[in-house]
Structure formats: C-alpha cells, structure tokens
S.K.: 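The structure under discussion is supplied below as structure tokens; questions concerning it will follow.
Each chain gets a letter, A, B and so on, in the order its sequence line appears, and its residues count up from 1.
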2 protein chains.
Amino acid sequence: MTKKQQTAARSADVARLAGVSRSAVSRTFTEGAYVSDETRRKVLEAARMLNYSPNAIARSLSKRATGLVGIIAADLYNPVHAQMLEAMSRSLQARGFGIVLLVPDTSNFDEFIPRLLSYQVDAVITTVATLDTHLPLAAVQTGRPVVMMQQILGANVLNSVSSDDYGGGHAAGTLLCETGHRRIAYISGRSDTANNRDRERGLRDALAAHGLAVYAQANGLFTHEGAMTATRQLLSLSPRPDAIFCANDLMALAALQVSRGEFGMAVPDDLAIVGYDNSAPSMWSWPALTSVGPDMAEMVSLTVDMVVRKIATGDATVEHQVVPVRMVERQTTRERPTA
Amino acid sequence: MTKKQQTAARSADVARLAGVSRSAVSRTFTEGAYVSDETRRKVLEAARMLNYSPNAIARSLSKRATGLVGIIAADLYNPVHAQMLEAMSRSLQARGFGIVLLVPDTSNFDEFIPRLLSYQVDAVITTVATLDTHLPLAAVQTGRPVVMMQQILGANVLNSVSSDDYGGGHAAGTLLCETGHRRIAYISGRSDTANNRDRERGLRDALAAHGLAVYAQANGLFTHEGAMTATRQLLSLSPRPDAIFCANDLMALAALQVSRGEFGMAVPDDLAIVGYDNSAPSMWSWPALTSVGPDMAEMVSLTVDMVVRKIATGDATVEHQVVPVRMVERQTTRERPTA
DNA sequence: TTGTAAGCGTTATCAT
DNA sequence: ATGATAACGCTTACAA
C-alpha cells in the first residue's frame with residue numbers, strides 16, 4: 001500500500017508553479033479583485049495541475065469572517081423541524097454560506113454554545129422552541145446576529161421570524177365552529193412554549209367569538225405518545241367532544257389513531273380533527289389530516305435575508321417578523337357550508 | 001445605542017492580564033499539558049474576566065486538524081434520514097466533534113464538495129443513497145476518511161456501514177408467505193439505488209423459497225406521490241394482489257391510504273402491507289404499519305467509531321460493515337400462525 | 001496590475 | 001514549568 005499522503009497544495013505552491021506571487025493567487029480566487037487575464041489564466045492552470053483549492057480556515061482567520069452560520073436544531077423526528085432544517089440549509093448554501101449544525105443535548109447544553117461560537121460562526125439561527133434563554137443571549141453578546149425561528153418565552157430581545165401561532169389557533173377554532181361543532185376539545189403541547197400558548201389563545205378567542213368555550217383540554221406534550229393518552233382521556237368524557245384541535249400534527253395523528261382504532265369513531269362525522277404544521281405525514285394518513293400550515297418557504301426566506309443583511313451591515317437592531325399561516329382543509333373536517 | 005463591538009479577547013490579552021506568556025494560556029486550555037496549578041489558576045481567572053474562549057479557527061490552522069466532521073444529508077422529509085442525522089450529530093458532538101452540514105442540491109453539486117473540503121473537515125459521512133460516485137471519491141483523494149451510510153451502486157471502494165437490505169427484503173417476503181399470501185406485489189424505490197436493488201433481491205429469493213414469484217411490481221420512486229400511482233396500478237389488476245411490500249414507509253403509507261380510501265379494502269384482511277424503515281410515522285398510522293427496521297443506533301455507533309478511529313490512526317484500509325435488520329410486526333399484516 | 005510584508009490567533013519547538 | 005519565536009495558509013494595505 002503506497003502511502004502518498006501528499007499534503008495538500010498551498011497558494012505558495014501554485015504561485016511558484018505559475019511564476020507569480022501569492023497575492024496574485026489570492027486575487028484570482030477572490031471575487032472582483034484586480035488580476036490581469038493573463039495571470040489569472042496562469043494561476044488557474046497551475047491550480048488545476050496541483051489540484052489546489054483555497055483553505056477556508058486560513059482564509060477565515062485572515063478575513064475575520066468564516067462564512068459559516070450556526071444552526072441549532074433538534075426534535076428532527078418532527079417532520080416540520082426536519083424540513084425547516086433542510087430548507088434553511090439549502091437557502092444558506094445557495095447564498096454561499098456553510099453550516100455548522102448543533103443538536104443540543106439537555107445534559108451538557110452549556111458546553112455547546114461556547115463550542116459553536118468558538119468556530120467563529122458569522123451568525124446563529126435556532127429552530128428549537130424550548131431553548132434556555134441564556135444560550136442565544138450568550139451568542140448575542142459576542143456581537144453576532146442571532147435569529148430565532150421560534151418565539152421563546154421571555155426572549156423578545158432576540159430577533160425572531162415566527163409563524164402566526166395565534167392566527168393559526170384562531171383559524172382552527174373558527175373552522176370547527178363554522179362546521180357546526182359545539183364540544184371542541186384541545187390537546188395542548190408543552191406548556192413552556194410560546195407556540196402552545198399562542199395557539200391556545202387563538203383557539204379560545206375564536207370559540208368565544210362564537211359563544212363557546214373549550215369543552216375540555218389535555219396536555220399531549222407535543223408527542224405522539226402523550227397525545228394518545230390525552231385522547232383517551234378526552235374521549236372518556238360524556239358526552240364526548242365532537243372535535244379536537246391538536247397543537248401539532250403528530251398529536252393529531254395520535255388522536256386519529258385512538259378515536260378510530262380504540263373508540264371506533266368515524267372521522268369527521270363523529271369527531272373532527274385539526275392538526276398543526278401541515279407536515280408531510282398529515283398528507284399520508286387516511287383520512288388525510290386537516291392542518292394549519294406555517295408558510296415555511298416564507299419563513300426561511302425572511303430569516304436568511306435577515307441574517308445575511310445583518311452580517312453584511314452589522315445592524316444590531318432587534319427585529320420581529322410574523323408570517324401568516326394558512327388553513328389546509330383535508331378529510332378530517334367537514335366541508336364548510338357554502339355561503 | 002452604544003456601540004460596544006468590543007472585539008473578542010485573544011490569548012495575548014489573557015496572558016497580559018494574568019502576567020504570563022501566551023504559551024501558558026494555550027497550555028491551560030489544552031488537555032494534559034504541563035502547567036503549574038498556580039499559573040493555571042491565574043490564567044483561568046483572567047480568562048473569566050475577559051470572557052475569553054479560544055478561537056477554534058486559529059487553533060485548527062495551527063494544529064492542522066479542525067475537529068469538524070462533514071455530514072452530507074438530504075431527503076430530510078423522509079423521517080428515517082432526519083432521525084439518522086440527529087443521532088449522528090448527537091453522537092459526534094458527544095465525542096467532541098463539530099458538524100458541518102451539507103445538503104446537496106442536484107443543480108450545483110460539484111461546487112459543494114470542494115467547499116465542504118475547503119473547511120478542512122477531518123472526515124466525511126454521507127447518508128445520501130443517490131450520490132454521484134465521484135463526490136465521495138473526491139473527498140477520499142484528499143486523504144480524509146469517508147464513510148457512507150448507504151451503499152452506493154458501484155462505489156464499493158468506499159468505507160460503508162449499511163443496513164442489511166437483502167435480509168430486510170427477505171424477511172418481509174418470508175413474513176408475507178408465512179401468513180398465507182400468494183399474490184405478493186412489490187412497490188419499488190428508485191432503481192438507481194442499492195437499497196432498492198437489495199431489498200428487491202431479498203424479496204424475490206424469499207418468495208422463490210416458497211415456490212412463488214413476485215405477482216406484480218410498480219415503481220414508486222421512494223415517494224408518497226409515486227407510490228399512490230403505483231398502488232392504483234397494482235390494485236387494478238384482476239385478481240388483485242393480496243399483499244404489497246413497499247421499499248419504504250412513505251410508500252407503504254400511500255398504499256394504505258389508496259387501498260382503504262379509494263378501493264375500500266380492509267387491511268390486513270383483504271390486503272397486507274409491509275413497509276421499510278420502521279420510521280416514526282409507521283407507528284402513527286391506523287392500522288399501524290408493519291415495517292422492516294434498520295438498527296439505527298447500531299449503525300450510528302459503528303459509523304462514529306469507525307470515523308473516529310480512522311481520524312486518530314490515519315488507517316486507510318476500506319471497511320464494510322453490514323448491520324442486521326429487525327422485523328416489526330404491527331397491524332397491517334396478519335399474525336403468524338403459532339407453530 | 002503586481003509584489004512585498006505585515007498581520008489573523010493559535011500551537012509547537014526549543015531553550016532556559 | 002515557562003517563555004520566545006517560528007510556523008499554520010491566507011488576505012490586504014502599501015509601494016512599486
């Protein structure tokens with residue numbers, strides 16, 4: 001086995017082979033720098049021969065900017081988070097940024113942020129709803145832009161791009177009222193999230209506008225498991241609820257499973273179900289799930305724009321953007337009476 | 001608005017404040033280096049006061065190692081990929097590595113790998129089944145360890161840790177035969193993947209062992225959409241298949257949806273369905289999906305071990321690991337006759 | 001337009 | 001055990 005661990009070519013090697021200076025090499029690999037076509041050609045040729053490509057680490061050290069954005073993501077079993085991560089990554093890459101991924105682990109959270117920051121990321125984006133406030137704040141203190149794609153309770157000094165959870169909850173409540181339901185139950189998510197708080201407020205206000213209150217409520221913790229228990233609890237009431245709004249799709253699928261499988265109910269005739277997220281699996285169930293959908297493309301686009309702008313300008317003002325949701329009616333709710 | 005964009009403290013600042021040399025600072029922040037308790041104490045104190053933490057970029061440049069692993073991931077809408085990414089990230093982080101994420105875009109694939117490599121990642125892991133061979137190979141040529149978590153057709157010169165797709169297909173076929181099915185159809189995935197090829201071979205061999213052949217087959221391209229069409233096609237045959245094996249869970253859920261929703265069939269009585277991946281949504285459907293499950297924890301663990309070992313030792317031999325699968329019987333297949 | 005030389009923030013070598 | 005000093009590979013005034 002021939003050991004040809006030839007260490008990679010450096011700009012000096014290219015310079016030597018091309019018969020120019022290192023600056024010339026650097027310039028050829030820098031957008032919009034002064035190089036004559038002739039030198040550029042020679043450099044490119046030499047670079048090709050040596051299979052040279054610039055060392056981004058060295059470049060970063062010199063430029064004091066890495067072109068790296070840190071993304072804090074978790075709960076990827078939830079399709080909506082996974083999709084968000086993928087879309088964010090694509091978009092950032094297309095803009096020329098690299099991505100450092102951080103999957104927080106509750107155990108040693110405090111070590112991770114410093115590590116992320118030690119890589120000198122140019123900005124931080126977080127998609128985790130249950131983050132401890134002081135983490136993003138630590139990032140902010142280093143002067144880097146930080147954008148949260150979830151509202152975090154008590155963290156409104158941070159930039160955010162979020163979905164209109166209140167509006168979403170309100171839309172769900174309105175739909176259920178307008179399709180004739182009177183005993184509307186709610187399966188909530190983790191109560192330490194702004195997501196849950198706002199979706200619930202929206203629901204309550206919508207019901208109130210129709211002279212109703214939430215018929216019953218149970219906490220599903222945003223998990224499928226938790227929602228199975230919650231559903232059993234709600235369906236044991238008498239009379240049973242005639243509709244359930246769930247704070248995410250996973251939980252709505254659990255409600256669907258339990259109501260049909262264990263209680264033999266017909267959906268949507270005996271029981272209407274509305275989920276939240278409009279995630280892929282909401283289209284995969286049968287009957288397909290009616291769900292409130294955040295406008296993910298818009299959120300991603302706003303976030304990336306904001307991040308890129310703040311990196312470029314150093315703008316340190318705090319911004320909040322709220323993106324409207326849309327209701328996707330599928331088969332777990334009745335059709336609206338035509339007006 | 002007070003602009004206190006104080007540039008972060010450097011080791012020199014800490015050294016000055018602590019009244020020691022830069023080397024002393026460096027040593028205090030290096031595992032197992034000779035520093036007296038006294039200097040360490042002084043350094044740590046000064047560091048705390050200045051809120052200093054070492055610059056990993058500079059460190060990387062000097063050490064010629066970044067502690068970064070590149071992960072190439074895609075198709076995160078497929079829960080099994082998302083989960084794999086999360087598990088890999090957790091594990092690598094626990095081992096002290098950082099992660100550079102690359103989500104390939106078919107359009108400009110060729111630009112991305114060089115960019116990833118330019119960040120001088122210590123190793124590359126890929127979870128994408130449809131990767132173009134020359135990309136991982138480019139990484140290999142730089143002398144870095146590359147591990148594929150999917151077999152890629154014609155790329156067996158690369159390290160791999162993969163799931164026993166042949167065994168999985170075989171197990172599915174066997175289960176269906178043993179539960180009394182005779183007209184077993186197959187919804188295939190993209191034919192340019194080793195995944196699909198091996199699952200199909202396993203299925204065929206299992207049927208052959210019971211004197212059967214695949215009753216009919218259609219390509220679902222690993223997508224939900226594709227599988228809906230495929231299912232309609234298969235169920236239009238007469239007589240209809242009495243079982244369908246799908247090359248992944250998304251497609252199996254489509255089969256479930258179409259067979260029940262559009263053809264009014266009872267599952268598993270009229271039609272048995274087996275999926276592949278044992279992904280979270282397979283537990284969320286009703287009836288819950290029987291599925292062949294790769295042992296993800298084991299795959300992740302083997303991969304991380306291999307990567308870390310190869311980084312440490314520089315070992316350049318090519319290794320292939322195949323992890324056994326397990327069959328998870330839920331409600332879309334009949335119970336096995338008790339022997 | 002091109003080259004020279006001084007950083008960027010660490011670590012490693014080698015004296016002390 | 002500690003401190004100078006030279007890398008690490010690149011960019012960027014500044015001068016030519």
S.K.: Counting only side-chain heavy atoms from C-beta out, which of dA6(C), dA6(D), dA1(D) sits nearest to Arg22(B)?
M.R.: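 Nearest listed nucleotide: dA6(D).
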
S.K.: Rounded to whole angstroms, how far apart are NZ on Lys63(B) and P on dT10(C)?
M.R.: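 It works out to 13 Å between those atoms.
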
S.K.: Please state how far atom CZ in Arg59(A) lies from atom C1' in dC8(D), giving the value in whole angstrom units.
M.R.: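 These atoms are roughly 16 Å apart.
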
S.K.: Aromatic contact between Tyr52(A) and Phe29(A), with the criterion being ring centroids under 6.0 Å apart: yes or no?
M.R.: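 When the ring centroids of Tyr52(A) and Phe29(A) are compared, they turn out to be within the sub-6.0 Å range.
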
S.K.: Find the distance Arg40(B):CZ to dT2(D):P and express it as a whole number of Å.
M.R.: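 Arg40(B) atom CZ is separated from dT2(D) atom P by 10 Å.
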
S.K.: Which of the following nucleotides, dT11(C), dG3(D), dG3(C), is nearest to the side chain of Val20(B)?
M.R.: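 My answer, after comparing the listed nucleotides, is dG3(D).
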
S.K.: Take atom CD of Glu31(A) and atom C1' of dC10(D), then tell me their distance rounded to the nearest Å.
M.R.: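 Going from Glu31(A) (CD) to dC10(D) (C1'), I get 17 Å.
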
S.K.: A side-chain contact here means heavy atoms from C-beta on lying under 4.5 Å apart; do Arg27(A) and Thr39(A) qualify?
M.R.: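 Result no, sub-4.5 Å side-chain heavy-atom pair not found.
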
S.K.: CD of Gln120(A) versus C1' of dG9(C): gap in Å, rounded?
M.R.: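 Atom CD in Gln120(A) sits about 9 Å away from atom C1' in dG9(C).
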
S.K.: Which one of Ile72(A), Val103(A), Ile71(A) satisfies the side chain to side chain contact (heavy atoms under 4.5 Å, CB included) criterion with Val128(A)?
M.R.: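 Result: among Ile72(A), Val103(A), Ile71(A), Ile72(A) is the only option passing the side chain to side chain contact (heavy atoms under 4.5 Å, CB included) with Val128(A).
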
S.K.: Return no unless some side-chain N or O of Arg64(B) is found under 4.0 Å from OP1 or OP2 of dT11(C).
M.R.: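 False: Arg64(B) side-chain N/O out of range (4.0 Å or more) of dT11(C) OP1/OP2.
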
S.K.: When only distance counts, do a donor and an acceptor, one from the side chain of Ser23(A) and one from the base of dT4(C), lie under 3.5 Å apart?
M.R.: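 It does, because a donor-acceptor pair links the side chain of Ser23(A) to the base of dT4(C) below 3.5 Å.
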
S.K.: Is there a side-chain polar atom (N or O) of Tyr52(A) under 4.0 Å from OP1 or OP2 of dC10(D)?
M.R.: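 Yes, because at least one side-chain N or O of Tyr52(A) sits under 4.0 Å from OP1 or OP2 of dC10(D).
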
S.K.: With a 3.5 Å cut-off and just heavy-atom distances, do the side chain of Arg10(B) and the base of dT10(C) make a donor-acceptor pair?
M.R.: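 No, the side chain and the base share no sub-3.5 Å donor-acceptor pair.
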
S.K.: Quick one: are Phe222(A) and Asp75(A) in side-chain contact, heavy atoms under 4.5 Å?
M.R.: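 No; the side chains remain at least 4.5 Å from each other.
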
S.K.: How many Å lie between CG on Leu61(A) and P on dT11(D), as a whole number?
M.R.: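 After rounding, the reported distance stands at 11 Å.
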
S.K.: OP1 or OP2 of dT2(C) less than 4.0 angstrom from a side-chain nitrogen or oxygen of Thr39(A), does that happen here?
M.R.: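 Yes, Thr39(A) has a side-chain N/O under 4.0 Å of OP1/OP2 on dT2(C).
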
S.K.: Ignoring backbone atoms, test whether Ser36(B) places a side-chain nitrogen or oxygen under 4.0 Å from the OP1 or OP2 oxygen of dT2(D).
M.R.: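 Yes, within the criterion.
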
S.K.: Return the value, rounded to whole Å, for the distance between atom CG of Asn55(B) and atom C1' of dG9(C).
M.R.: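 Value for this atom pair: 6 Å.
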
S.K.: I need the Ile113(A) CD1 to Ser53(B) OG distance, nearest 0.5 Å.
M.R.: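 Output value for this atom pair is 12.0 Å.
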
S.K.: Distance check: side-chain N/O of Ser21(B) vs OP1/OP2 of dA4(D), anything under 4.0 Å?
M.R.: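 No.
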
S.K.: For Tyr34(B) and for Ala58(B), locate the closest nucleotide of DNA chain D by heavy-atom distance; then report the residue assigned to the nucleotide nearer the 5' terminus.
M.R.: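 Its nearest nucleotide being more 5', the pick is Tyr34(B).
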
S.K.: Does Ser62(A) get its side chain close enough to the base of dG9(D), under 3.5 Å, for a donor-acceptor pair?
M.R.: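 By the distance-only test, no, there is no pair.
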
S.K.: Considering heavy-atom distances to DNA chain C, does Arg27(B) or Ile57(B) have its closest nucleotide positioned more toward the 5' end?
M.R.: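 Whichever sits nearer the 5' end wins; that is Ile57(B).
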
